Amino acid sequence: MGAGRGDVNGTVTLPALQQMKRDGRKIVGVVVYDYQMAQIVDRAGVDIVSVGDSVGVNFWGHRNESEVTLDQMVLVCQAVRRGVTRALVSCDVPFGPLQDGTDAAVRAAIRLVKEGGADLVKVDAGVSSADTVRAIARAGIPVWAQFGTEPAAAIFGLLVREAKQLEEAGASLLDFRYSGPVAGPEVVRAVAIPVVGGLGGGPWLDGRVRAVVAAIGYLASAVDDTMDRYANVAETALTAIKAFSEDVRAARQIRSGPKPH
C-alpha cells in the first residue's frame, strides 16, 4: 500500500503528505478520469488521484482543456471518487470559473468538493492568482496550486518567490510543472508544503504526478510511437480487438467466460 497512509483506516491525508516531505519519502500522484481506473490506481497504493481537465483532450477529443465545463468536471470527479477509498482525490477547477474571477472560482471549488467528492482542488496558479488560492483556502477547501508551467530554469529566483507566495496564500500542495534540476531543489527547500511535479519534474521534487493514460500507453497514439512507458495498453487493445474480430468472422466461440484450466 502507499507510503502516505494517514490514519487508522489507511486513508491518505494532507498531514500525512506533509510528513512524507519531512521524512524524504516520495509522493505518488496519478491523473485519472474514470471509475474503473480509479479503483486500479487506488489498489496500487498511489497517494493522490488527480481528476484532470485534460479529460477533455484525452478522452473526449477536444482541442484543449478550456472547452471542459464545471458541470463536466463535477461528473468526472464523482465517477473517480466512487472508485477511490484510500488516496486523496484532487479535482481541477476548470478554465471557465478561473477566468470569471475569484468568487466564481470559490463557487466552483465548493461544487467540486460538495458535489464531486474531491478532497482538494487543483488550480492553475501563479503570482497573479494567489488571491484565488487564498479565497478558496479561506473557504475551507485545500488547494493544490500549479505554477512554473513554462520551462524557466534560468529565472529560478522568481519561481521561488512564486512558490512562497502561493504557500503564504494558503496552498496545501504545489504542482511545479517544469521544475528542472536547478529550480526544483531550490523551491523544495524554500517551502514547507510538498512540491509535486508532472512534466519536467524529477527526483529532486517531493513527488511526481503523471497521467495514467501516458504511463500505461492508453492513448491511441501509443500504438505507433516509440516512447518509453510502463505498458502499452493501446497496442494490447488493438491486438485483442483484431483477434476478437477474427473469431467473429470465422464463426468461432468468442472469449467471454472463465479461462480454461
Side-chain angles (χ1 to χ4, degrees), residues 1-21 23 25-60 65 68 72-94 109 111-123 141-146 172-175 193-199 201 203 205-219 222 229-234 236-237:
M1 299 296 286
R5 287 183 171 187
D7 63 22
V8 293
N9 297 317
T11 55
V12 180
T13 63
L14 284 170
L17 297 187
Q18 293 162 357
Q19 187 62 50
M20 289 176 70
K21 176 185 175 80
D23 294 344
R25 292 179 289 140
K26 299 300 183 183
I27 296 165
V28 179
V30 291
V31 180
V32 171
Y33 313 123
D34 65 282
Y35 169 72
Q36 298 296 338
M37 190 57 68
Q39 293 181 89
I40 293 170
V41 300
D42 199 42
R43 182 174 177 177
V46 304
D47 303 303
I48 304 172
V49 178
S50 178
V51 183
D53 56 8
S54 52
V55 63
V57 175
N58 290 330
F59 266 28
W60 301 337
E65 290 89 346
V68 177
Q72 289 171 330
M73 288 304 299
V74 169
L75 186 64
V76 177
C77 190
Q78 289 172 339
V80 171
R81 174 78 274 174
R82 294 185 194 108
V84 175
T85 59
R86 50 163 302 284
L88 278 171
V89 174
S90 170
C91 189
D92 286 7
V93 178
R111 281 196 64 192
L112 292 172
V113 170
K114 288 190 174 181
E115 297 178 36
D119 298 305
L120 68 160
V121 297
K122 194 158 179 282
V123 176
I141 298 172
V143 181
W144 187 5
Q146 185 184 79
S172 298
L173 297 171
L174 294 179
D175 176 5
I193 58 178
V195 182
V196 180
L199 293 173
L205 299 180
D206 295 315
R208 300 292 305 278
V209 59
R210 193 175 186 193
V212 165
V213 293
I216 68 173
Y218 183 68
L219 298 175
R229 295 184 175 86
Y230 293 94
N232 195 321
V233 173
T236 300

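In this chain, numbering begins with 1 at the start of the sequence shown. Please read these numbers as outputs of a predicted model, since none were measured by experiment.
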Partner set under side chain to side chain contact (heavy atoms under 4.5 Å, CB included) for [X], not counting sequence neighbours:
X      : value
Val213 : Tyr33, Asn58, Phe59, Ala211, Tyr218, Leu219
Ile40  : Met37
Ser172 : Leu14, Pro142
Tyr230 : Arg210, Ala215

*Would you check if Leu88 and Thr13 make a side-chain contact, meaning some heavy-atom pair closer than 4.5 Å?*
no
*Minimum side-chain heavy-atom gap Met73-Leu112 below 4.5 Å*: yes
Of all residues at least two apart in sequence or in a different chain, which pass the salt bridge (charged side-chain N to carboxylate O under 4.0 Å, His left out) check with [X]?
X      : answer
Arg81  : Asp119
Asp206 : Lys21
Arg208 : none

Contacts of type side-chain hydrogen bond (donor to acceptor under 3.5 Å, both in side chains), residue [X], not counting sequence neighbours:
X     : value
Thr85 : Asp42
Gln39 : Gln36
Arg82 : none

Report yes or no: does [X] contribute a side-chain atom to a donor-acceptor pair with the main-chain N or O of [Y] at less than 3.5 Å?
X      : Y      : value
Asp175 : Ala145 : no
Gln78  : Glu115 : yes
Arg43  : Ala38  : no

*What's the verdict on side chain to side chain contact (heavy atoms under 4.5 Å, CB included) for Val121 and Trp144, showing C-alpha distance, side-chain angles and the deciding distance?*
CA-CA 6 Å; Val121 297; Trp144 187 5; over 6 Å; no
*asked:* What's the separation between atom CD1 in Ile48 and atom CG in Leu173, rounded to the nearest 0.5 Å?
replied: 5.0 Å
*asked:* Once rounded to the nearest 0.5 Å, what's the spacing between atom CG of Leu120 and atom SG of Cys91?
replied: 9.5 Å
*All pairs passing ring-ring contact (aromatic ring centres under 6.0 Å, His included) where residues 74-94 contributes a residue, at least two apart*: none
Contact summary for [X] and [Y], nearest pair of heavy atoms:
X      : Y      : value
Val74  : Arg111 : CG2-NH2, 3.9 Å
Asn232 : Gly217 : OD1-O, 3.7 Å
Val93  : Val123 : CG2-CG2, 4.1 Å
Pro194 : Ile27  : CB-CD1, 3.6 Å
Asp53  : Val68  : O-CG2, 3.5 Å
Arg86  : Val46  : NH1-O, 2.7 Å

*Begin with the C-alpha distance, continue with both residues' side-chain angles, and end with the deciding distance and a verdict on side chain to side chain contact (heavy atoms under 4.5 Å, CB included) for Val49 and Val80.*
CA-CA 8 Å; Val49 178; Val80 171; 3.7 Å; yes
*Test Met20 against Lys26 for side chain to side chain contact (heavy atoms under 4.5 Å, CB included), laying out the working first.*
CA-CA 7 Å; Met20 289 176 70; Lys26 299 300 183 183; 6.0 Å; no
*asked:* Determine whether Asp92 and Val51 satisfy the following criterion, side chain to side chain contact (heavy atoms under 4.5 Å, CB included), listing intermediate values before the conclusion.
replied: CA-CA 6 Å; Asp92 286 7; Val51 183; over 6 Å; no
